[in-house]
Amino acid sequence: SGGYVYTEYHPMEEIYQWMTQIQKNNSELVTQHILGKTFENRTMYYLQISQPSNKTKKIIWMDCGIHAREWISPAFCQWFVKEILQNYKTDPKISRFLQNLDFYVLPVLNIDGYIYSWEEDRLWRKSRSPYENGTCYGTDLNRNFNSSWGSVGVSFNCSSDVFCGSGPESEPETRAVAQFIKSKKSDILCYLTIHSYGQLILTPYGSTTKPPSNNEELMQVAKEAAAALKGKYGTSYRVGSTASILYSNSGSSRDWAHTIGIPLSYTFELRDTGTHGFVLPADQIQPTCEETMLAVTMIIDYVDKK
Amino acid sequence: YDRDQVLNIVPETIQQVQHLQLLCSTFMLDLWKPLLPEDIKAGEDLHIRVPAPLVQEMKDSLAQHMISYRVLIPDVQKLVDQSMPRERSSHR
């Protein structure tokens with residue numbers, strides 16, 4: 001891990017450095033790739049964790065930091081990468097994962113927003129693209145995907161925290177993720193997106209209460225992950241579709257990923273149920289990441305065995 | 001966010017829901033859960049950040065309408081400081 005402190009939050013500059021360092025120190029396994037550019041022209045990188053092999057491997061995609069203020073989310077993506085790299089030689093389960101699966105990790109999706117939340121407004125949520133002649137800023141990137149875009153749980157007012165943009169995939173960050181995932185969709189078995197608070201594992205869909213065709217499988221896998229969490233840490237995660245256990249929303253990346261054919265698509269809302277909300281103190285990073293790692297590992301284990 | 005508070009409210013009646021929706025739009029409050037006033041429902045948790053200058057007015061209005069609440073976060077800025085790395089928060 002090269003001395004990186006995983007129990008503190010880090011500004012984007014340090015996360016960029018971390019990605020470079022992780023690739024350098026683990027060149028046998030990790031490559032860093034450009035995914036696209038943000039509105040403010042910053043480079044979006046993802047990390048590919050892939051053990052060299054002649055075998056065709058399936059992909060687990062994980063993105064973090066779509067909402068700027070949810071700092072625990074990028075912290076988890078980094079924790080996840082650290083755990084895989086630290087343990088793949090000694091942990092038989094992780095070792096087995098890497099024989100069959102590649103991990104693609106996007107540590108911060110909404111880079112412009114994340115930087116803004118560090119430098120200007122800790123509770124900023126959206127991206128930073130200007131609307132209406134610069135009178136308001138930012139699109140909720142998790143309302144901007146092309147999945148029942150604009151139909152429910154969004155606002156068309158650009159001052160709103162859930163402004164869905166001017167059209168589906170109107171934002172460069174959304175397009176970068178969507179184009180890449182579309183290009184790999186036949187190999188991606190599982191799409192995971194990490195959010196900040198509520199202790200929920202959310203399944204598709206948010207835009208309708210009609211369950212997806214593989215709902216039983218989606219629910220069973222998530223329930224097993226939640227049960228493991230309860231058993232080991234006593235943390236009570238709720239499992240269910242977004243529309244049924246949270247609120248209706250359209251244009252989310254999770255719904256979109258499922259509609260393009262990625263069978264297992266989940267949103268994680270991490271540890272807190274409101275005590276700290278979007279401002280989880282740094283001393284909660286480790287316990288949150290440890291328990292989340294267990295739940296994520298359960299899901300990956302299912303994918304791997306399948 | 002100095003002395004801004006996050007309140008947890010569980011409205012019990014449609015009237016209380018409507019009053020909360022009105023407060024949200026009048027005061028332009030920052031809803032944390034749910035994210036939109038139209039998603040406020042009776043019997044379900046509401047988390048809302050209230051700017052310091054409005055805290056007392058908000059609490060008075062809630063009391064007037066017999067809406068009970070709990071303070072989840074008494075000072076948002078204190079939590080924000082705790083989430084910053086030590087050297088940065090002391091620099092602040």
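Quick caveat, the model's predicted, so the values are computed rather than measured.
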Within the 4.5 Å heavy-atom criterion, are [X] and [Y] side-chain neighbours or not?
X      : Y      : answer
A:M12  : A:V108 : yes
A:F80  : A:M293 : yes
A:R122 : B:S83  : yes

Sort [X] into side chain, backbone, both or neither according to what part of it lies under 4.5 angstrom from a heavy atom of chain B.
X      : value
A:V154 : backbone
A:L123 : both
A:F278 : both
A:T7   : neither

Test A:R125 against A:V162 for side chain to side chain contact (heavy atoms under 4.5 Å, CB included), laying out the working first. CA-CA 9 Å; A:R125 168 183 171 91; A:V162 288; 3.9 Å; yes
For chain A, which residues from residues 39-65 of chain B have at least one heavy atom closer than 4.5 Å to it? B:D39, B:H47, B:R49
Closer than 3.5 angstrom, by distance alone: can the side chain of A:S73 be matched with the main-chain N or O of A:I194 as a donor-acceptor pair?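 Yes; at least one donor-acceptor contact below 3.5 Å.
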Take the angle between the ring planes of A:W18 and A:Y4 and call it parallel below 30°, perpendicular above 60°, tilted in between.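 The arrangement is tilted - the two ring planes meet at 30° to 60°.
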Checking ring-ring contact (aromatic ring centres under 6.0 Å, His included) between A:H258 and each of A:Y205, A:F145, A:Y191, which is the one that passes? A:Y205
Residue part contacting chain A, namely of B:L35, when any heavy atom lies under 4.5 Å: both
Nearest 0.5 angstrom please: A:K126 NZ to A:F163 CZ, how far?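 Taking NZ in A:K126 and CZ in A:F163, the distance rounds to 7.0 Å.
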